[in-house]
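Residues take their numbers from the sequence shown, with the count starting at 1. Remember, it's a predicted structure, so these values are computed and weren't measured experimentally. Note that ligands are numbered from 1 as they come in the structure, with each ligand's atoms numbered from 1 the same way.
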Amino acid sequence: MIIKPKVRGFICINAHPQGCAANVQEFIDYTKAQGTIENGPKNVLVLGCSTGYGLASRITAAFGSGAKTLGVCFEKPPTDRKTGSAGYYNTAAFHAQAEAAGLYAHTINGDAFSTACKEQVIAQLQKDMGKVDLIVYSLAAPRRTDPVTGEVYSSVLKPIGGDYTAKNLNTDTLKVSDVTVEAATQEEIAATVNVMGGADWELWIDALKQADLLAQGCQTVAYTYRGDKLTWPIYGHATIGKAKEDLDRAAGAIQASLAGVQGEARVAVLKALVTQASSAIPVMPLYLSILIKVMKEDGSDEGCIEQLQRLFTECLYTDAPRLDEQGRFRVDEKELDPAIQAKVEAIWPEVTEDNLFELTDFKGYQTEFLKLFGFGVQGVDYDAETSPLVEHNF
Ligand code: NAD
């Protein structure tokens with residue numbers, strides 16, 4: 001079939017296998033070019049390993065540090081008539097590259113929130129890898145089935161304490177207009193914390209600890225975003241921000257439970273960038289379109305893989321990690337540089353439909369968005385007949 005992007009709202013419902021493989025290759029090439037990470041991880045579990053920050057974590061561990069990786073993701077395999085999801089193709093490409101490089105890799109495609117998935121991971125570790133020295137928690141999910149009660153919780157992206165009206169870019173119609181997002185109810189806040197907070201991270205570490213699969217001095221890290229004034233009402237001070245606060249709580253609880261292995265649990269604050277998760281957040285596409293322009297002009301723009309390289313070398317595997325007063329790793333310092341934020345804030349009120357392409361880098365945003373699904377990647381022939389099936393399954 002000829003595979004062209006099918007964009008529906010803020011999601012693209014298909015993906016290009018060769019484009020995704022080229023993206024993975026680009027990430028691997030970048031990581032290899034940075035050289036070996038000194039004292040890096042050797043046995044790594046990545047929860048949410050197939051796209052965005054989790055994929056970048058896996059590649060950095062494997063190709064920057066020669067680590068064995070066990071990944072967990074929730075992705076759609078292809079059929080002969082339908083493409084798989086981007087994360088499926090990314091993972092297939094990662095496996096092909098890892099195999100070629102002689103690096104152990106195993107992926108479990110299932111619901112990371114379930115007890116069955118945790119048991120599967122434990123069995124796989126016992127069989128092949130042994131104790132893990134790094135556990136990355138990089139899940140971004142719209143819902144979670146509580147493994148004990150069976151109740152399904154859905155996360156919402158809503159402000160807290162009152163409705164919020166803000167400028168918004170509809171990435172489909174390119175209309176820039178005010179959007180009002182209704183305040184979340186207490187129930188919605190609690191549900192979002194249940195899905196995106198630290199409860200599942202704690203369950204994972206507890207399960208691994210019970211199975212004696214945590215190496216001496218092991219580290220675990222969960223990802224968050226903080227942002228500044230423009231995104232606070234819809235992120236930091238909103239339902240997702242509440243869930244992320246719960247990660248701080250969980251980090252403390254996990255840290256205490258790791259005392260026996262002298263382990264460490266921290267939250268890592270990463271920069272905003274275009275991923276499948278962030279494109280669903282109101283306000284974010286416009287904020288990102290401006291941010292990309294300002295940071296590119298400043299020469300400080302970074303993607304997932306650059307962020308992860310710095311997380312490993314400047315935070316996780318160094319004697320002098322960059323920590324904030326809450327003990328979180330910070331890799332978002334370039335985005336939050338007051339000079340960068342001031343420029344973004346100055347552009348924000350000026351943007352209209354007519355000047356969208358001059359005042360912002362919406363073109364760059366769109367390019368990044370399509371690239372997530374393997375489209376618009378250099379060197380890929382999008383007019384060629386392409387099988388949605390891939391050779392390397394996992
Ligand atoms: P993403 O959508 O690219 O990746 C999400 C991953 O989670 C995928 O591998 C997916 O397969 C997996 N997943 C989802 N549901 C699952 C389930 N039930 N079981 C197993 N796997 C499941 O997201 P991302 O943007 O890379 O976000 C990862 C983390 O980084 C999130 O915690 C997010 O809040 C955080 N973060 C994102 C940004 C950003 O701007 N994108 C910034 C800072 C921090």
Please determine if A112 has a nitrogen or oxygen closer than 3.5 Å to a nitrogen or oxygen of ligand 1. yes
[options]: member with heavy atom nearest to [atom]:
| atom | options | answer |
| --- | --- | --- |
| atom 6 (C) of ligand 1 | P142, G54, S138 | S138 |
| atom 41 (N) of ligand 1 | T275, L372, V331 | T275 |
| atom 13 (N) of ligand 1 | L139, N109, L288 | L139 |

Do [X] and [Y] pair up side chain to side chain, a donor and an acceptor below 3.5 Å, judged on atom types alone?
| X | Y | value |
| --- | --- | --- |
| E75 | S50 | yes |
| T220 | W201 | yes |
| T165 | T180 | yes |
| Q307 | Y223 | no |

With a 3.5 Å distance limit and no angle check, can you tell me whether [X] reaches the backbone of [Y] through a side-chain donor-acceptor pair?
| X | Y | value |
| --- | --- | --- |
| Y365 | L286 | no |
| S278 | L273 | yes |
| T51 | G87 | no |
| S65 | P41 | yes |
| N43 | M129 | yes |
| T360 | F357 | no |
| T239 | K158 | yes |

Looking only at protein heavy atoms, which one is nearest to [atom], and what is the separation?
| atom | answer |
| --- | --- |
| atom 33 (C) of ligand 1 | K244 NZ, 3.7 Å |
| atom 35 (C) of ligand 1 | Y223 CB, 3.8 Å |
| atom 44 (C) of ligand 1 | T224 O, 3.2 Å |
| atom 14 (C) of ligand 1 | A140 O, 3.3 Å |
| atom 26 (O) of ligand 1 | Y53 N, 2.8 Å |
| atom 42 (C) of ligand 1 | K271 O, 3.1 Å |
| atom 40 (O) of ligand 1 | L273 N, 2.9 Å |
| atom 17 (C) of ligand 1 | F74 CB, 3.6 Å |

Quick check on contacts: which atoms of ligand 1 are under 4.0 angstrom from a heavy atom of [X]?
| X | answer |
| --- | --- |
| G52 | 3 (O), 26 (O) |
| L270 | 43 (C) |
| C49 | 9 (O) |
| D111 | 17 (C), 18 (N), 19 (N) |
| A277 | 2 (O), 23 (O), 25 (O) |
| F113 | 18 (N) |
| S50 | 8 (C), 9 (O), 10 (C), 11 (O) |
| A141 | 15 (N) |

Is A272 in contact with ligand 1, taking contact as a heavy-atom separation below 4.0 Å? yes
Assess C304 for proximity to ligand 1: is some non-hydrogen atom of it under 4.0 Å away? no
Among R266, R330, R226, whose salt bridge (charged side-chain N to carboxylate O under 4.0 Å, His left out) with D324 holds? R330
Examine the proximity of ligand 1 to [X] and report which part, side chain or backbone, both or neither, has a heavy atom under 4.0 Å away.
| X | answer |
| --- | --- |
| Y235 | side chain |
| Y137 | neither |
| M284 | neither |
| R144 | neither |

Where do G64 and T31 come nearest, in terms of heavy atoms and distance? N-CG2, 3.5 Å
I want to know whether Y88 and F394 have ring centres closer than 6.0 Å. yes
Determine whether K131 and C218 make a side-chain contact, defined as any pair of heavy atoms from C-beta on separated by less than 4.5 Å. no
